[in-house]
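FYI, side chains are in, hydrogens and waters are out, and symmetry mates aren't considered; it's all heavy atoms of this structure. The sequence lines fix the lettering, A, B, ..., with proteins before strands; numbering per chain opens at 1.
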4 protein chains.
Amino acid sequence: MAETEKNRGTEKRERILEGALRAFAKKGFYNTKVSEIASEAGVADGTIYLYFKNKDDLLISLFEDRMEFLIERLQTELDAVQGGVLDKIRCAITLHFQLAIQEQDLAEFITVELRQSAKFVKEYENPRFHDYLRILENLIADGQSQGVIRGDVDRRLVARSLFGALDEVLLQLTLSRSGAPDVQEKARQVAQIFTEGIVAR
Amino acid sequence: MAETEKNRGTEKRERILEGALRAFAKKGFYNTKVSEIASEAGVADGTIYLYFKNKDDLLISLFEDRMEFLIERLQTELDAVQGGVLDKIRCAITLHFQLAIQEQDLAEFITVELRQSAKFVKEYENPRFHDYLRILENLIADGQSQGVIRGDVDRRLVARSLFGALDEVLLQLTLSRSGAPDVQEKARQVAQIFTEGIVAR
Amino acid sequence: MAETEKNRGTEKRERILEGALRAFAKKGFYNTKVSEIASEAGVADGTIYLYFKNKDDLLISLFEDRMEFLIERLQTELDAVQGGVLDKIRCAITLHFQLAIQEQDLAEFITVELRQSAKFVKEYENPRFHDYLRILENLIADGQSQGVIRGDVDRRLVARSLFGALDEVLLQLTLSRSGAPDVQEKARQVAQIFTEGIVAR
Amino acid sequence: MAETEKNRGTEKRERILEGALRAFAKKGFYNTKVSEIASEAGVADGTIYLYFKNKDDLLISLFEDRMEFLIERLQTELDAVQGGVLDKIRCAITLHFQLAIQEQDLAEFITVELRQSAKFVKEYENPRFHDYLRILENLIADGQSQGVIRGDVDRRLVARSLFGALDEVLLQLTLSRSGAPDVQEKARQVAQIFTEGIVAR
DNA sequence: CATGAATGAGCCTTCATTCAT
DNA sequence: TATGAATGAAGGCTCATTCAT
């Protein structure tokens, strides 16, 4: 029963996070009222404050939670790749796009709110986002030590550039809310540009 | 005197835009009070409403004005480039970074607020931003017709990816407010990745 | 407890209406701040917006509520009158004056704000006021079918004239805030003028 | 030339009063902006403050000016009446309605703003309005000394009642903006009610 | 006298947060 | 835990008034 109660607790917390994600994706952090989140989550306004310190904290927790999910997913997929580093990069890019299709709200939320939050939500540094970038960096590093990727490129710069490129393309996809039938092709092309761009010859 | 009056009018309008840019860069659109903009601009609160319909309109006007400036600047620089398409792309990238150093507030404003505004500021489509992207697209198109750039890449995708990469790298630069001593090197590397990535072989 | 909660709700709504009545009577609608109403009612500013859409809505609701009260009161008194139609008219006039003495704020509010509101408060038609007039009209109609009142007078015109006369006299009474010791006599005289003026001979 | 200048001055003052009358009739005192009055009058905002101390003063001046006009007109017409006191009363009533048809804006202005102003415009007592009432009172007084009107009615009460009745009926006429084809008949009926109501038998 | 750009005090309304139940 | 009515600080915007030209 202690278990059940805890479950009920976490289940409600999760409901709130989902409501917040939906609401933030639809209207943005600053245009979303706490009462709207509550109503999306099917709880009372005050209940939110039992699980989160305030609206900022809710946003931060949402980042933590969802980024953690993305990181785990990315890591798992990368581990499963048979091929070399370039294949892993292709895999990461494809996964990025796939997730955006599966989780429209999440994609919209991250592409739009990540930057604001980095600066204006009470000094929050978004460490999970840096974890995500680090995975990409490590991929590059592996490629460099294997001689597959040019040794003179700045790993962090490449990782950031890649994330930026993916993020911007996704932004367009999610904002247009087009079914985006050619996501696969877009993924292939971005992957090609970056792999060709950094490959050692 | 008609001249003088017009000048006074536009001069005050420009002061307000500058104040808004400074304030938005520092605290973000939603955390900036109209009275703060007024005080930055050295005018009374009410004066702002003589030149702009409301706070949203001020943001939009700021985009229009500053993007126009960026576009003109980019076009001028590109026209002055002697070399081929790839040199022009390198030039565009370098300029992007240079401007970010010279106009920190502008860089911060655009990297952080562009996305929010695209979605949440009253249906504003930000047409100037699309003009900016189109310049990059046309560059790619020229390269393709000259056979310098692979014909199978989606021009719009490349333009967006490039902008996204530049924007994200800039974001880090501006947020860290590091003097960024190695901007030149970063520009060179991003340019290399993209040119190598799309060049025809 | 559901009962209690409902009571608390309506009780607070009523407190706000009372505060508004007091404030409007004292300073007029346009010179009364919402915060003053709140303080008269002993609630927070924001609380008012839990019960009313905005300041206009508060004014309208006040009319609805108080006119309903007046109408009920008038109807009850008229039903209790033993005599004929002319006696009922005398009763209506007397009641009008009596209420003005008992409910100074209400009298002041209605005499002064009714006209403004009719035109300038967002298209509000003040249907209750017309209900009130209709009672007077019906009284005249009864008198006409009984042959007590001349058949050639326009019932609506008489009703309006009577209301106008009463209202104007009341205005003076309430504005002067004189104790008005001779209200009975005034009521008698107005009643005499109107009954003599419309009686069939 | 001094004459001309003075004329220009008074002409502009009159233009402003006319603009104010039009604007107040249309939107009411509190909903009319000084700039709207200026634009109606075809002068600059600031110009208004050369002729009137402030917005309140403009309203008061408008009352003074227009009431004076009405009083003169009424007095002239009454002096021209050949018949007795009752005929004069009929004449006053008819004139009241006639003016309302000819000067819709003025009628609307007075019926709606007179009461507000009496209380809320800086203690203004509206002496001209009392002058107007006094003319009616004197009429009654004359009738009483001639034995045509009952000696026991309160002159001031009758005057007020009559004004209230006329005012209320006019209010309906002006608000409905109906062409009011039967004004003559309405005038006749109100006159009949009041004369029959106060006549000595 | 006339102008109208500029001012800034003031007000309605919103909404994150609290707390009695 | 959960609720949601109540709070009140805060901010966008208006508009009467001023004053340099």
Side-chain angles (χ1 to χ4, degrees), chain A residues 5-6 8-9 12-13 16 30-39 42-58, chain B residues 1 4-5 8-9 12-13 16 30-39 41-58, chain C residues 1 4-6 8-9 12-13 16 30-39 42-58, chain D residues 5-6 8-9 12-13 16 30-39 42-58:
Chain A
E5 255 182 28
K6 189 182 157 237
R8 259 205 296 153
K12 194 154 281 190
R13 191 188 131 99
I16 294 169
Y30 288 104
N31 291 307
T32 298
K33 296 172 223 171
V34 171
S35 67
E36 288 171 347
I37 297 171
S39 125
V43 300
D45 294 17
T47 305
I48 288 178
Y49 291 85
L50 296 175
Y51 294 92
F52 304 95
K53 201 148 44 56
N54 51 38
K55 198 184 168 192
D56 280 7
D57 181 43
L58 177 50
Chain B
M1 162 158 172
T4 310
E5 255 178 31
R8 258 206 304 156
K12 194 150 283 187
R13 191 188 129 99
I16 294 169
Y30 289 104
N31 290 306
T32 298
K33 290 174 253 193
V34 170
S35 66
E36 288 170 348
I37 297 171
S39 121
V43 300
D45 294 16
T47 305
I48 288 177
Y49 293 87
L50 295 178
Y51 294 92
F52 304 95
K53 206 151 45 23
N54 50 38
K55 199 185 169 195
D56 278 9
D57 183 42
L58 178 50
Chain C
M1 161 161 171
T4 309
E5 254 179 31
K6 191 181 156 239
R8 258 208 303 154
K12 196 152 282 187
R13 192 187 129 99
I16 294 169
Y30 289 104
N31 291 307
T32 298
K33 291 173 253 193
V34 171
S35 65
E36 287 170 348
I37 297 170
S39 121
V43 300
D45 293 17
T47 305
I48 288 177
Y49 293 86
L50 295 177
Y51 295 92
F52 305 95
K53 207 151 50 5
N54 50 37
K55 199 185 166 192
D56 278 9
D57 183 41
L58 177 50
Chain D
E5 254 180 29
K6 187 182 160 241
R8 257 203 298 155
K12 194 155 281 188
R13 191 188 130 98
I16 294 170
Y30 289 104
N31 291 306
T32 298
K33 296 172 222 172
V34 171
S35 66
E36 288 172 348
I37 298 171
S39 124
V43 301
D45 294 17
T47 305
I48 288 177
Y49 291 85
L50 296 174
Y51 295 91
F52 304 95
K53 199 147 47 56
N54 51 38
K55 198 185 168 191
D56 279 8
D57 182 42
L58 177 50

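The CG atom of A:Asp45 sits 13 Å away from the P atom of E:dT18 (whole-angstrom rounding). Taking atom OH on D:Tyr30 and atom C1' on F:dC15, their separation rounds to 15 Å, with Å as the unit. Across the protein-nucleic acid pair, D:Ile16 atom CD1 and E:dA2 atom C1' stand 11 Å apart, rounded to whole Å. Atom pair B:Arg13:CZ and E:dA6:P shows a separation of 13 Å (rounding to whole Å applied). Across the protein-nucleic acid pair, C:Lys12 atom NZ and F:dG4 atom C1' stand 12 Å apart, rounded to whole Å. The CD1-P distance, from A:Ile37 to E:dC15, rounds to 12 Å in whole Å. Atom NZ of B:Lys53 and atom P of F:dC13 are 10 Å apart (whole Å). Following rounding to the nearest Å, D:Tyr49 (OH) and F:dT17 (C1') show an atom-to-atom distance of 5 Å.
Closest to the B:Val34 side chain, of the nucleotides F:dA2, E:dA2, F:dG12, is F:dG12. Comparing atom distances between the C:Tyr51 side chain and each of F:dA16, F:dA5, F:dT1 picks out F:dA5 as nearest. For A:Leu50, whose side chain is taken as the heavy atoms from C-beta onward, the closest listed nucleotide among F:dA5, F:dT3, E:dT3 is F:dT3.
Closest non-hydrogen pair, B:Asp45 versus B:Ala38, comes out as OD1-CB, 3.5 Å. For the residue pair B:Tyr49 and B:Asn54, the shortest heavy atom distance occurs at CE2-CA, 3.9 Å. For D:Thr32 against D:Lys55, the heavy-atom pair with the smallest separation is O-NZ, 2.8 Å. When all heavy atoms of C:Ile37 and C:Leu58 are compared, the closest pair comes out as CD1-CD2, 3.8 Å.
The base-pairing partner of E:dT13, taking Watson-Crick or G-U wobble contacts with both distances under 3.5 Å, is F:dA10. E:dT21: Watson-Crick or G-U partner is F:dA2, with both key distances under 3.5 Å.
Taking the P atoms as reference points, E:dC1 lies 23 Å from F:dT21, given to the whole Å.
A residue-by-residue look at C:Thr47 and B:Thr47 shows that C:Thr47 has its nearest nucleotide of DNA chain F further toward the 5' end. Where A:Ile48 and C:Val43 meet DNA chain F, the nucleotide closest to each residue was compared, and A:Ile48 sits on the side nearer the 5' end. In this structure, C:Ser35 and A:Gly46 both approach DNA chain E, and ranking their closest nucleotides by distance from the 5' end singles out C:Ser35.
With a 4.5 Å cut-off on side-chain heavy atoms, B:Tyr30 and A:Asn31 count as touching.
Among the heavy atoms of the strands lying under 4.0 Å from B:Thr32 are primed sugar atoms or P, OP1, OP2 only; no base atom is included.
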